[in-house]
Structures are given as structure tokens and as C-alpha cells.
Amino acid sequence: MLETFETRVELGERSYSVHTGGGLLERASKLLAEAGLTGRCAIITDSNVAPLYAERVVAALGGAPDVIEVPAGEASKSFATAEIVCRRLAQAGLDRKSFVIALGGGVVGDLAGFVASIFLRGIPYAQIPTTIVSQVDSAVGGKTGVNLPEGKNLVGAFHQPRVVLCDVDTLGTLPDREFNEGFAEVIKHAIIRDAAMFEELGAFTRNQENLSPVIARNVEIKAAIVSEDEKEERDIRALLNFGHTLGHAIENAAGYGTLLHGEAIALGIVAASRLSIKHAGLSRDEYERIVARLRAFSLPCSLPSSIETGQILDAMKADKKFEKGQMRFVLTASIGSAFVSNLVTRDDVIEALAALRGDPLA
Ligand code: NAD
Ligand code: GLY
């Protein structure tokens with residue numbers, strides 16, 4: 001039996017537990033009840049995850065929760081899908097005492113959390129994340145939302161879950177590409193907060209025993225940051241955006257679904273690291289070690305030629321990381337720490353994107 005970890009996100013009355021370990025789907029009823037979730041519920045999931053895990057969660061809950069399935073993929077993070085899901089909740093007769101379970105990756109988590117934040121002006125929800133990205137990042141912290149054609153996550157709400165169950169057994173069915181993309185967020189956490197984890201990742205191999213401690217450590221990092229700066233008001237939570245300013249723009253410019261989220265973030269991390277050499281004094285040696293870590297998880301470090309610089313710059317304009325017209329960029333001076341800078345100019349970004357087209361080690 002794998003060890004189970006419990007991490008608290010400390011937010012006063014809205015504090016909650018994140019459980020990480022194996023066999024958690026089977027214990028869902030008890031863990032949800034401990035978090036006060038006992039009424040009528042609906043499970044929101046996607047077309048890949050439903051056939052794998054929905055029945056097990058339904059059985060664990062002992063009742064007959066409605067299962068609402070959306071198509072797998074980033075395109076489901078939309079107003080149109082949110083409306084469909086809200087209507088299904090209304091048709092199923094959920095009331096203000098009911099709750100929602102997000103069962104799936106970050107797409108399902110962001111969508112279901114958003115729906116929970118607006119349905120009946122807000123009902124509780126639980127996260128049962130089933131990808132690395134969602135377990136180490138998106139299921140923790142209450143950022144929910146959908147995309148607009150103009151940009152990612154442009155509509156949303158802060159709505160904290162009541163409990164998060166990171167069942168690492170579910171990661172066993174992740175295809176290699178989806179498994180590896182999650183490590184972009186893990187490497188990001190290591191760069192901004194945990195130099196020791198950055199070292200240890202060099203020896204990581206994929207097996208179930210190795211997963212719980214890595215996921216739990218990343219949950220701790222995320223939980224601590226969210227507890228310190230829930231609404232991204234103090235330049236602490238903003239550090240989680242390392243690699244995301246350009247990563248989101250690249251993901252949008254490529255067309256949602258072309259690059260996986262983590263793959264776009266990997267490209268954003270390489271660009272942010274290059275900008276860190278120029279504006280934060282990051283050493284060339286540390287930059288090369290960052291590229292090597294990303295490559296060890298088969299993450300892209302060069303921009304595909306099909307994605308034009310103009311499209312990326314256009315996508316950046318819509319990004320929420322601009323403040324009063326100034327670009328706010330997260331940089332690192334050395335692995336294990338990061339800060340928010342406003343020194344990066346549009347020309348710097350164009351230069352970094354040009355460099356991203358070639359060999360990242362040139
Ligand atoms: P995803 O939800 O699209 O999942 C990736 C793929 O894996 C999908 O096809 C999904 O159906 C499939 N899948 C999920 N679990 C599986 C399993 N156990 N076995 C087999 N297949 C499985 O993508 P993701 O990478 O989990 O999340 C990316 C999304 O998360 C993006 O929309 C991103 O913006 C968002 N995100 C949000 C936050 C936040 O703080 N809210 C943080 C990071 C990322
Ligand atoms: N994923 C960034 C955040 O939660 O703030």
C-alpha cells in the first residue's frame with residue numbers, strides 16, 4: 001500500500017485538505033464526507049476519463065450521482081460547454097446543498113470549478129485530478145475558468161474546492177506524452193522554489209512508488225504559495241506564472257490542442273530562462289541544466305516553424321499578465337528562486353522567440 005500524504009491549504013474558514021496517495025477513489029465517500037460533502041452530487045468528467053474511472057467513483061459514493069461527460073481536450077474549456085454543463089445540472093435537479101466533483105485533468109477541473117462557481121451563484125465542489133498537471137497544479141488553489149478565442153483563461157473565478165483527492169493510481173493510464181507534459185509544471189515548481197527537487201528530478205524514473213512523494217512535494221509548494229497569496233495580489237502566487245506568459249501565448253497561437261499545455265509551458269520556460277540570463281543574471285550553466293531537465297521528459301525546447309512570432313505577440317496582448325500596459329515577467333536569478341520583473345521589453349521577447357526557433361543550446 002502506498003503512503004498517503006495530507007497537505008492543508010490554509011485559507012481560514014475556507015481551508016481544505018489535499019490527499020495524495022493510492023486507492024483514494026475507493027475511499028472517496030469517506031474523504032468527501034470529512035470535508036462536509038454529503039448531499040446530492042454530479043460528476044463532471046471527460047470522454048477519456050469517464051470510461052476509465054467514473055464507474056469506480058460512482059460505486060465508491062454508493063449512490064447514483066449524475067455523470068456529465070464533456071469531450072476530452074482544451075476546446076471543452078469554453079462558455080459553450082459551461083452552459084451545457086450548467087443546464088445538465090439544472091435538469092438533474094441539483095440545488096444549493098448539492099456539490100460537483102471534477103474528475104479528470106486540468107481541463108475538467110477548470111471547467112467544473114467554473115461551473116461550480118456560477119451555478120446557483122456558487123455551489124461546493126471537490127477535485128479528483130487524474131493527470132500530473134492537475135494533481136501538482138490546477139486542482140489546488142481555486143483558479144477556475146474557461147478560454148476565449150482572444151486568449152486562455154480570460155473568464156473565470158477564484159473558487160476553492162472543499163477537498164482534493166490526488167489518486168496516483170489514476171496516473172497509470174496516462175499516455176507517455178500526457179505524463180511527460182505534467183513535468184513542465186513540476187520543473188517550474190523546482191525552478192521557482194526547490195533547488196533540491198530540481199536535482200532529484202535528474203534521477204526520476206516513471207513508476208507508481210516514485211509518484212506519491214513527488215506529487216505530494218509539489219502539492220506542498222503550491223499549497224504554501226496559495227496560502228500566502230490566494231488572489232495573486234502580492235507577487236508571490238504570480239511566481240507560478242514562470243514560463244506561462246509566453247507559454248500561454250504559444251499555446252493560443254498554435255491553436256488549442258496542437259501543443260499540450262505542458263509542452264507550450266516548456267517552451268515558455270526555455271524563453272523565460274533565456275530572458276533570465278539577460279535581465280536576472282542566470283548563469284549559462286543553470287540555463288543549460290533547465291533545458292536538459294525539460295529534454296529528459298521529452299518536452300519541446302524549440303518552437304515549431306508553423307507558429308508565427310506575430311501570432312504569439314498578438315496572443316500576449318490579451319494576456320492578464322500585462323499591468324497598465326507593462327509586461328510583468330517572472331524571472332529566475334538561480335534555480336530555486338524567482339521574482340517578478342518589469343524590465344523585459346517587447347524587443348527582448350522578440351529576441352527570445354527568435355532564439356527559441358533554433359537549437360536552445362546554441
Ligand atoms: P487535460 O485535462 O486535457 O488532460 C490531458 C489528456 O489526458 C486529456 O485527453 C484527458 O482526457 C486525458 N486524461 C486525463 N486523465 C487521464 C488518465 N488518468 N488516464 C488517461 N488519460 C487521461 O489537460 P491537463 O494537462 O491535465 O490540464 C491542462 C489544463 O489545465 C489547461 O487548460 C491549463 O490551462 C489548465 N491549468 C490550470 C491551472 C490552474 O491553476 N487552474 C494550472 C495549470 C494548468
Ligand atoms: N497555475 C497558476 C496558479 O495557480 O496561480
Side-chain angles (χ1 to χ4, degrees), residues 9 25 44-54 56 69-78 81 102-114 117 127-147 151-154 156-161 164 166-186 188-189 192 211 218-219 221-223 225-245 247-248 251-252 256-257 259-266 268 320-321 330:
V9 180
L25 294 189
I44 301 174
T45 185
D46 77 19
S47 49
N48 289 335
V49 178
L52 293 169
Y53 301 113
R56 276 167 60 185
E69 186 182 310
V70 302
E74 186 72 27
S76 281
K77 247 177 78 172
S78 68
T81 312
L103 174 68
V107 165
V108 161
D110 283 9
L111 172 74
F114 179 58
S117 79
Q127 290 271 14
I128 307 189
T130 63
T131 62
I132 306 260
V133 171
S134 53
Q135 294 194 354
V136 302
D137 193 351
S138 62
V140 180
K143 275 192 183 175
T144 75
V146 294
N147 303 323
K152 259 184 86 72
N153 302 330
L154 288 185
F158 284 99
H159 188 47
Q160 299 292 343
V164 183
C166 299
D167 189 332
V168 297
D169 293 341
T170 62
L171 304 176
T173 51
L174 270 184
D176 283 342
R177 190 173 167 204
E178 278 74 8
F179 184 88
N180 285 330
E181 70 147 336
F183 277 84
E185 303 287 8
V186 171
K188 173 197 80 179
H189 281 157
I192 66 167
L211 279 171
N218 280 275
V219 166
I221 292 171
K222 178 88 195 248
I225 288 175
V226 170
S227 301
E228 284 174 72
D229 182 17
E230 180 188 9
K231 301 253 169 89
E232 206 167 309
E233 291 161 337
R234 296 173 44 220
D235 276 1
I236 298 172
R237 187 162 183 168
L239 302 181
L240 292 168
N241 294 329
F242 183 76
H244 283 55
T245 305
H248 279 170
E251 188 180 1
N252 189 352
Y256 293 130
L259 287 170
L260 296 180
H261 174 73
E263 293 171 343
I265 297 310
K320 304 183 295 307
K321 292 164 197 76
V330 184

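Atoms within each ligand, like the ligands themselves, are counted from 1 in listed order.
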Side chain, backbone, both or neither: which part of [X] comes within less than 4.0 Å of ligand 1 when only heavy atoms are counted?
{"X": "T130", "value": "both"}
{"X": "L52", "value": "side chain"}
{"X": "K143", "value": "both"}

Any side-chain heavy-atom pair from [X] and [Y] closer than 4.5 angstrom?
{"X": "E263", "Y": "N180", "answer": "no"}
{"X": "V9", "Y": "V140", "answer": "yes"}
{"X": "V108", "Y": "V49", "answer": "no"}
{"X": "S138", "Y": "D110", "answer": "yes"}

- Indicate yes or no: does E228 engage R237 in a salt bridge with an N to O separation below 4.0 Å.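 No.
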Measure the distance from [atom] to every protein heavy atom, then report the residue, atom name and distance (to 0.1 Å) of the closest one.
{"atom": "atom 44 (C) of ligand 1", "value": "H261 NE2, 3.5 Å"}
{"atom": "atom 6 (C) of ligand 1", "value": "E178 CG, 3.6 Å"}
{"atom": "atom 38 (C) of ligand 1", "value": "S138 CB, 3.1 Å"}
{"atom": "atom 11 (O) of ligand 1", "value": "D46 OD2, 2.7 Å"}
{"atom": "atom 35 (C) of ligand 1", "value": "D110 OD2, 3.4 Å"}
{"atom": "atom 13 (N) of ligand 1", "value": "V49 CG2, 3.8 Å"}
{"atom": "atom 25 (O) of ligand 1", "value": "E181 OE2, 2.7 Å"}
{"atom": "atom 22 (C) of ligand 1", "value": "L174 CD2, 3.7 Å"}

- Message: Would K188 count as a polar contact of ligand 2, with the cut-off being nitrogen or oxygen pairs under 3.5 Å?
- Response: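 In this structure, K188 places no N or O atom under 3.5 Å from an N or O of ligand 2.
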- Report yes if some N/O of D137 lies less than 3.5 Å from some N/O of ligand 2; otherwise report no.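 Right, the criterion is met.
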- Query: Relative to ligand 2, is V226 under 4.0 angstrom through side chain, backbone, both or neither, heavy atoms considered?
  - Reply: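 For V226, no heavy atom sits under 4.0 Å from ligand 2.
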- Query: Relative to ligand 2, is K222 under 4.0 angstrom through side chain, backbone, both or neither, heavy atoms considered?
  - Reply: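 Near ligand 2, K222 shows its side chain, while the N, CA, C and O stay back.
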- When rounded to the nearest 0.5 angstrom, what distance separates CG in L240 from CD1 in I221?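 Separation between the atoms: 9.5 Å.
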Regarding [atom]: of the candidates [options], which has the closest heavy atom?
{"atom": "atom 17 (C) of ligand 1", "options": "V136, T173, N147, V108", "value": "T173"}
{"atom": "atom 1 (P) of ligand 1", "options": "V107, D137, D167", "value": "V107"}
{"atom": "atom 27 (O) of ligand 1", "options": "G182, A50, G104, G106", "value": "G106"}
{"atom": "atom 26 (O) of ligand 1", "options": "V140, T131, I132, V146", "value": "T131"}

[X] neighbourhood, listing ligand 1 atoms whose heavy-atom distance to it stays under 4.0 Å:
{"X": "T170", "result": "17 (C), 18 (N)"}
{"X": "K222", "result": "40 (O)"}
{"X": "E185", "result": "43 (C)"}
{"X": "Y53", "result": "18 (N)"}

Geometry only, no angles: is [X] polar-contacting ligand 1 at N/O separations under 3.5 Å?
{"X": "K152", "value": "yes"}
{"X": "E74", "value": "yes"}
{"X": "K77", "value": "yes"}
{"X": "T144", "value": "no"}
{"X": "H248", "value": "no"}
{"X": "N48", "value": "yes"}
{"X": "R237", "value": "no"}

Would a distance-only check, ignoring hydrogens and angles, find a side-chain to backbone donor-acceptor pair under 3.5 Å from [X] to [Y]?
{"X": "T81", "Y": "K77", "value": "no"}
{"X": "E181", "Y": "V133", "value": "no"}
{"X": "Y53", "Y": "T170", "value": "yes"}
{"X": "S47", "Y": "A72", "value": "yes"}
{"X": "T144", "Y": "G156", "value": "no"}
{"X": "D229", "Y": "E233", "value": "yes"}
{"X": "K222", "Y": "D137", "value": "yes"}

- Query: Just checking, is any N or O donor in the side chain of Q135 or D167 under 3.5 Å from an acceptor N or O on the other one?
  - Reply: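 Side chains of Q135 and D167: no pair found under 3.5 Å.
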- Query: Is a side-chain donor-acceptor pair under 3.5 Å present for K143 with N153?
  - Reply: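 Not at all, the side chains of N153 and K143 share no donor-acceptor pair under 3.5 Å.
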- How close do G142 and Q160 get, heavy atom to heavy atom, and via which atoms?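 The pair with the smallest heavy-atom distance is N-OE1, 3.2 Å.
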- Message: Ignoring hydrogens, what is the shortest heavy-atom contact between V146 and F114? Give both atom names and the distance.
- Response: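 The pair with the smallest heavy-atom distance is CG1-CD2, 3.8 Å.
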- Tell me, with the steps shown, if N147 and E74 meet side-chain hydrogen bond (donor to acceptor under 3.5 Å, both in side chains). CA-CA 9 Å; N147 303 323; E74 186 72 27; 2.7 Å; yes
- Query: Is the shortest distance from a heavy atom of E251 to ligand 1 less than 4.0 Å?
  - Reply: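 For ligand 1, residue contact (heavy atoms, under 4.0 Å) with E251 is absent.
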- Item | Any K188 heavy atom less than 4.0 Å from ligand 1 |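 False for this residue.
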- Task: Please work out whether the ring planes of H261 and H244 are parallel, tilted or perpendicular, with thresholds of 30° and 60°.
- Result: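 The rings of H261 and H244 stand perpendicular, inter-plane angle above 60°.
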- Against heavy atoms of L240, which atoms of ligand 2 measure under 4.0 Å?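 Once the distances to L240 are compared, the set is 2 (C), 3 (C), 5 (O).
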